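Read the numbers this way: they start at 1 and go in the same order the structure lists the ligands and their atoms. Just so we're clear, the structure is a prediction, and the values are computed from it rather than from any experiment. For reference, positions follow the sequence shown, starting with 1. Values below: all heavy atoms of this structure, side chains included; hydrogens, waters and symmetry mates excluded.
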Amino acid sequence: MSTLLLLPGDGIGPEVIEQVRRVAGRIAGDIALGERDFGGCSYDAHGTPLTDEAEAAALAADAVLMGAVGGPKWATAPRDKRPEAALLRLRQAMGVYANLRPALCFDALKDASTLKPEVVAGLDIMIVRELTGGVYFGQPRGIETLADGQRRAVDTQVYTTSEIERVSRVAFELARGRRNKVTSCEKSNVMETGLLWREVVTDLHKRDYADVTLEHMLADNAAMQLVKNPRQFDVIVTDNLFGDILSDEASMLTGGIGLLPSASLGEAGKPGLYEPIHGSAPDIAGQGVANPLAAILSFEMALRWSLGRPEQADRLAAAVKAALDGGARTRDLGGTLTTAQMGDAVLAGL
Ligand code: NAD
Ligand code: IPM
Ligand code: MN
């Protein structure tokens with residue numbers, strides 16, 4: 001029997017994960033669902049945003065599905081006790097170095113983007129974000145007070161050859177099953193890590209993936225090209241920080257951040273970590289109006305990538321499409337449905 005560990009988290013996290021529970025019960029009732037506190041709620045209950053027991057449960061599951069963590073209540077907690085720090089620790093403990101963030105514009109939603117429909121219609125991009133390295137983890141980091149009383153903050157961007165190569169391999173493999181093109185984004189014009197990134201991707205391409213079209217693009221230009229002509233992209237591979245930013249930008253091409261799921265994968269056979277790319281949305285938390293589709297589609301990715309159930313994943317994807325085709329819209333998409341009503345619409349499609 002497969003096991004899926006739910007980590008609802010904070011803010012709208014529990015609201016959207018509740019809809020995943022309903023959908024999972026309907027489509028894959030034989031999956032054993034576990035649940036643990038994670039993030040701010042865990043800090044409040046246990047004094048730490050990720051208990052050792054919860055981490056062990058995540059490592060022992062077949063897949064982990066997170067809602068969202070963080071919020072103003074914990075913004076002043078010590079850095080290592082913050083919800084976001086726990087998320088980084090979990091990603092690293094699970095070794096999920098490749099974060100797949102598909103930006104897909106559903107036909108029914110081509111008018112929901114702030115961009116013109118003719119720019120986003122038919123959009124299907126896969127952003128592959130490096131997830132366990134870079135400036136998120138580099139040492140040294142910290143804030144020190146200098147002799148003259150000023151304070152000085154340091155973050156370190158660092159990448160090794162193998163870190164770049166393994167995530168690029170994932171991007172090339174994905175491209176082969178899609179439109180066979182990879183765009184690698186960095187800032188090799190100003191950053192040493194960018195230079196190494198470009199060299200490693202170029203080498204790997206020459207060695208193992210010469211059949212795939214490879215293009216290098218500076219990350220600032222990529223941000224511009226994403227809104228100018230997003231359909232030029234197939235697979236984008238980039239570092240942890242640029243991937244974070246470019247994927248939030250890409251979500252608006254699909255109609256909104258409440259739609260974008262993600263899958264974080266590591267070594268074959270290890271559990272994947274699935275999460276919407278959005279956060280805990282403190283501005284709407286508790287109102288029951290958050291869009292649950294990013295979470296539901298993250299479950300769909302878990303069915304596909306960790307739980308070995310592609311048919312159930314296909315059924316769920318079709319149900320989401322049917323709900324949107326039928327006009328189901330939460331507030332962020334210009335509609336009036338509540339979180340639970342959007343859940344109802346997906347269940348109806350099942
Ligand atoms: P956010 O993604 O929470 O919200 C940004 C905006 O998008 C808000 O206006 C919000 O209402 C809206 N939004 C987000 N998800 C939505 C949904 N499902 N349906 C409708 N609208 C939605 O980003 P933020 O406000 O910058 O961050 C809030 C907190 O969340 C911070 O503590 C941040 O660190 C944390 N965060 C966590 C994650 C995560 O857990 N993976 C991701 C991003 C941010
Ligand atoms: C995301 C989030 C996280 C990140 C934060 C909450 C640590 O923004 O998953 O996109 O920066 O990776
Ligand atoms: Mn983000």
Select the closest option to atom 1 (C) of ligand 2 among R101, E84, E275, judged by heavy-atom distance. R101

Using a cut-off of 6.0 Å, state whether more than 12 heavy atoms not belonging to [X] lie near its atom [atom1].
{"X": "E144", "atom1": "CD", "result": "yes"}
{"X": "D52", "atom1": "CG", "result": "no"}
{"X": "R207", "atom1": "CZ", "result": "yes"}
{"X": "E192", "atom1": "CD", "result": "no"}

Looking at R176 and D211, is any side-chain nitrogen of the basic one under 4.0 Å from a carboxylate oxygen of the acidic one? yes

Between the Mn ion (ligand 3) and D244, which N, O or S atom of the residue is the nearest one? OD1

Element-labelled atoms of ligand 2 that are located less than 4.0 Å from some non-hydrogen atom of R129: 1 (C), 4 (C), 9 (O), 10 (O), 11 (O), 12 (O)

Could you check whether any heavy atom of M66 sits closer than 4.0 Å to an atom of ligand 2, since that is the contact criterion I want to use? no

Is it true that R82 lies under 4.0 Å from ligand 2, counting heavy atoms only? no

Could you check whether any side-chain N or O of [X] sits under 3.5 Å from a backbone N or O of [Y], counting only pairs where one atom can act as donor and the other as acceptor?
{"X": "R329", "Y": "L109", "value": "no"}
{"X": "H205", "Y": "V212", "value": "yes"}
{"X": "D239", "Y": "E130", "value": "no"}
{"X": "S113", "Y": "M252", "value": "yes"}

At a heavy-atom distance under 4.0 Å, which protein residues reach ligand 1? Sort them by chain and number, would you? I12, M66, A68, V69, G70, G71, E84, L87, I257, G258, E275, I277, H278, G279, S280, A281, P282, D283, I284, A290, N291, D332

Answer yes or no: does an N/O atom from [X] fall short of 3.5 Å to an N/O atom of ligand 2?
{"X": "R91", "result": "yes"}
{"X": "N240", "result": "no"}
{"X": "D244", "result": "yes"}

Classify the ring geometry of Y159 against W197: parallel below 30°, tilted from 30° to 60°, perpendicular beyond 60°. perpendicular

N/O/S from D248 sitting under 2.8 Å away from the Mn ion (ligand 3): no

Students should be able to answer this: which protein heavy-atom is nearest to atom 11 (O) of ligand 2, and at what distance? Y136 OH, 2.6 Å

Partner of D314 by salt bridge (Lys or Arg N to Asp or Glu O under 4.0 Å), out of R304, R309, K321: R304

